[in-house]
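Everything below concerns the one structure shown next.
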Number of protein chains: 2
Amino acid sequence: MTSIKDIAKRAGVSISTVSYALNGSSKVTDETRSRILHIANELNYIPNAAARTLKKKESRILGVFLTDFKGDVYGELLDGMKEVCNSQGYDLIVCSGEQSHRMLPERMIDGAVILDHTFSSEELLKHAQRNHKIVVLDRELEHPNINQVLLDNKAGATLATEYLVEQGHKKIYVVTGPDDSFDSIQRMKAVNLVASRADDVEWIELPGDFKKSGGERAAERIIQEYTEPVAVFCLNDEMAIGLCNRLADTDFIIGEHVHLIGFDNIELSRYMQPRLATIDYSKRKWGALAAEQLIKIISGEAVEHERIYVTLVQGASVGRGPKRSKLYTN
Amino acid sequence: MTSIKDIAKRAGVSISTVSYALNGSSKVTDETRSRILHIANELNYIPNAAARTLKKKESRILGVFLTDFKGDVYGELLDGMKEVCNSQGYDLIVCSGEQSHRMLPERMIDGAVILDHTFSSEELLKHAQRNHKIVVLDRELEHPNINQVLLDNKAGATLATEYLVEQGHKKIYVVTGPDDSFDSIQRMKAVNLVASRADDVEWIELPGDFKKSGGERAAERIIQEYTEPVAVFCLNDEMAIGLCNRLADTDFIIGEHVHLIGFDNIELSRYMQPRLATIDYSKRKWGALAAEQLIKIISGEAVEHERIYVTLVQGASVGRGPKRSKLYTN
DNA sequence: TTGTAAGCGTTATCAC
DNA sequence: GTGATAACGCTTACAA
C-alpha cells in the first residue's frame, strides 16, 4: 500500500507538503501540487481511513442501528437518511446485531440513529454522557447529546380509533406491540383516551409483537370469542396482515365481520384485498429529518425534538360500520 | 477519552503491560491483569477502533453494498449475512451510494459483498488487484481475490418458461431488467433457449427495469396489442406486481387473459390475488453463503464459486393454459 | 512555500 | 513478567 511517505520520496518533498497538496491547502504552489497529485495518481495512492480518523478524531460516517434488516418500513427511511448524509459529506452505514453496539463507543462513527430496542436507554445515556451524539427514533430520552425524532403515535392512534368509533363500532380489539415498545405504549394510551371519551365503547387488549405471528394469534382469539361483527386496531400493519392471513382460512370476511385498521402504511397494505385502512407517514422524511438532526448536533447546533406527522388512510378493510351480518360457519 | 496510557499511569505500569492485560496475553500475572482490568473498568476505558485498525491492518468489519435500501430481497439476505459474520467475530455494515465506494479501498472494511451495479467491474478488479477481498452476487468476475455466489438464473428462467410452455402458451411476453443487469441477461438467455426448443412458441421482449414502473409500462403494451390470452414472464416479482396494478384498472384478469409468472418470490407475491407464480430461492442462504465465502478468502482459504439453487412456485396467476376467454371490454 | 516533528491510540518487538 | 520504544498513516503547529 502506498502512503504519503512514498509519494513524498518520489516527489522529493516532505510528507507534510504531500498532505497539504492532497488536502488542497493554499500553502503549496500550484506547480508542486500538480506534480504531487500526478505522482499520487501514478502510485495509485488511496488515503487510509483509520489513520485519518485516528488523527482527526472524526470519521465522517454516521451509523443507523436496526433491530433486524427485515421490516418494510426501513427501505425508504434509510434512503431518506442516505440522501441527507451524502449531501452533507457524511457516509451512512447500517448496522444490526449485538456486535454492532461497539461502533459508537469505539468511535468508528461520528453519531448514531437508533431504531433498535436492543439498545437500552441506560446504554444510550452512557454514550451521550461520553459526548457521543445520538438521535433516537424509538423512545423518549432527554440529554443534550440526544435528539428525538418520533412518530406522532398519539395522533395516529387517535385517528385510527376515532375512525372505527365513527363507523359505529362499539367493540374494538386492539392488538399491541411488545410490552417494552415505546410506539406500542404511546398508541395504547391514545386508544384508551379516545375509547373512554366515547360512549359505550368497549376495547379489549390483545397482546401482540409487531410481527405477523402476533396478528395470527389475535385472529384465533377473535374467532373464538366471535358473536357479532367487531373492529380491530392492529398497532402495526404487519400484524394486520398476519390477522388477515389467519382469517383467510375461515369464512370471516374482512370489512364485514372483522373491521380492520393497521398502522404504518407499509407497501403490502396497498395490495391487500380489501385495501387495509391504516395510518400513513413519510418514512423518507423521517429518515431525512433524523439524519439532519444528527448532523446538526454533531456540528454543535442546538436542536429541538422533532415529530413526524401522520394521516389516516381509509380502506375497505374497515367497511361501513357494524352490519350485523350473519356468519355461515361457526 | 481514556486511553491505555491513562490506565498505565493509574496502575503504575507501562502501556505495553496494559495492552497485554487487556488482550488476555499469558505474559502477565493474574494479579496485575485483574488490577489493570479493574482500573480500566473504573476509568470507563473503551479501545479506539481506528487505532487498532491502523496498527493491525484489519478492522474485522465486512461491508455489503446495495444499489439502494428499498427492495424486498434484502431483509433476509442481510440477516443471513449478519448471522454468519457475527458467528465468526466479524461485524457487518450495509452501505449504499456513491460515497460508500471509498470504504473498501480506504481499508475501513476487510472485505466487501457486492450487490450493486453502481460498482463497475473494472473498479472491482482494480480493488482485487490491490489485494482487497470481494464476493460478487450480481456478475461474473474472475480473480483470485474475488468469489462469485450467484443465483442459478438459467435454471430459474428455464423453469418459469417451461412452466408457461407446458400450460400450452404459445405467445410469451418477457419483461426484462435493465440492459446491464447480469441477472436479466442470464434469464433472457435461458428464455430464448427454451422458447427456441419448443415448437411454435413466439416470445416478445418488453424492456423493463426491475421496478414496478417497468411492469406498468409492459402492461400498457400488452393491453394495446391484446387479441387473445397471453403469457407474461416478468424477470422479477416487483415488475409482475406493477403489471398487476396496471391491469387492475382494466377488465383483464390475471390467470385468465394474462398468465403471469415472476422471479424472486418476494413476500408480497404470497399476498397477490391470485397468488403470483414465481421462482423461489433462499435469500437467507444466499447471504449466509456470501459471507462465508468472503471470510474464507480473507483467511486465505481457497474457495470455489457457488451457486444458489432455485425452485418453481406455482400460482393461480398462471391459470390453466390459454382458454381463449372472451374479454368484455376492448 | 516547504520542512520538521509531535502526536492520535494502538500493537508488537525487543531488551531487561 | 514487565518496560521502552518503534511503528501504523495521517494532520498540523511551528520553524525555516
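Since the model is a prediction, treat every value here as computed from it, not as a measurement. Order of the sequence lines sets the chain letters (A, B, ...), proteins ahead of strands, with each chain counted from 1. As a basis for the values below, the full set of heavy atoms in this structure was taken, side chains included, without hydrogen atoms, waters or symmetry mates.
Proximity of B/Ser19 to the phosphate of C/dT10: no side-chain N or O atom is located under 4.0 Å from OP1 or OP2. For B/Thr32, a side-chain nitrogen or oxygen approaches OP1 or OP2 of D/dT2 to under 4.0 Å. Side-chain nitrogen and oxygen atoms of B/Thr29 include at least one within less than 4.0 Å of the OP1 or OP2 phosphate oxygen of D/dT2. Here A/Lys5 does not reach the OP1 or OP2 of D/dA7: none of its side-chain N or O atoms lies under 4.0 Å away. Look at B/Ser3 and you won't find any side-chain N or O under 4.0 angstrom from OP1 or OP2 of C/dG9. Phosphate contact (OP1/OP2 of C/dG7, side-chain N/O of A/Lys57, threshold under 4.0 Å): absent. A/Asn48 has no side-chain polar atom (N or O) that falls below the 4.0 Å cut-off from OP1 or OP2 of D/dC8. Between A/Ser14 and C/dT2, a side-chain N or O to OP1/OP2 separation shorter than 4.0 Å is absent.
Between A/Ile134 and the choices A/Leu294, A/Val113, A/Ile146, the side chain to side chain contact (heavy atoms under 4.5 Å, CB included) rule is met once, by A/Ile146. The residue from B/Asn41, B/Thr17, B/Ile4 that alone fulfils the side chain to side chain contact (heavy atoms under 4.5 Å, CB included) condition with B/Ile36 is B/Thr17.
Interatomic distance, CG of B/Asp152 versus CZ of B/Arg307, reported as 5.0 Å (0.5 Å rounding).
Side-chain N/O atoms of B/Tyr20 and base N/O atoms of C/dT13 include a donor-acceptor pair closer than 3.5 Å. Within 3.5 Å, a donor on the side chain of B/Lys55 pairs with an acceptor on the base of D/dA7, or the reverse. Between the side chain of A/Ser16 and the base of C/dT2, no donor-acceptor pair of N or O atoms lies under 3.5 Å.
Taking atom CG of B/Asn44 as the reference point, atom C1' of C/dG9 lies 17 Å away to the nearest angstrom. When the P atom of D/dG9 is taken as reference, atom CG of A/Leu54 falls 12 Å away, rounded to whole Å. D/dC8 atom C1' lies 13 Å from atom CD1 of B/Ile15, rounded to whole Å.
For A/Phe119 and A/Phe65, the ring centers sit closer than 6.0 Å to each other.
Residue A/Ile36 is classed as having no contact, given no heavy-atom separation below 4.0 Å to the nucleic acid.
Judged by closest nucleotide on DNA chain D, B/Ser26 is the one of B/Ser26 and B/Ala51 placed further toward the 5' end.
At least one test fails for A/Lys285 against the ring of A/Tyr281: distance under 6.0 Å to the centre or angle within 45° of the axis.
The side chain of A/Val28 lies closest to C/dT2, out of D/dC10, C/dT2, C/dC14.
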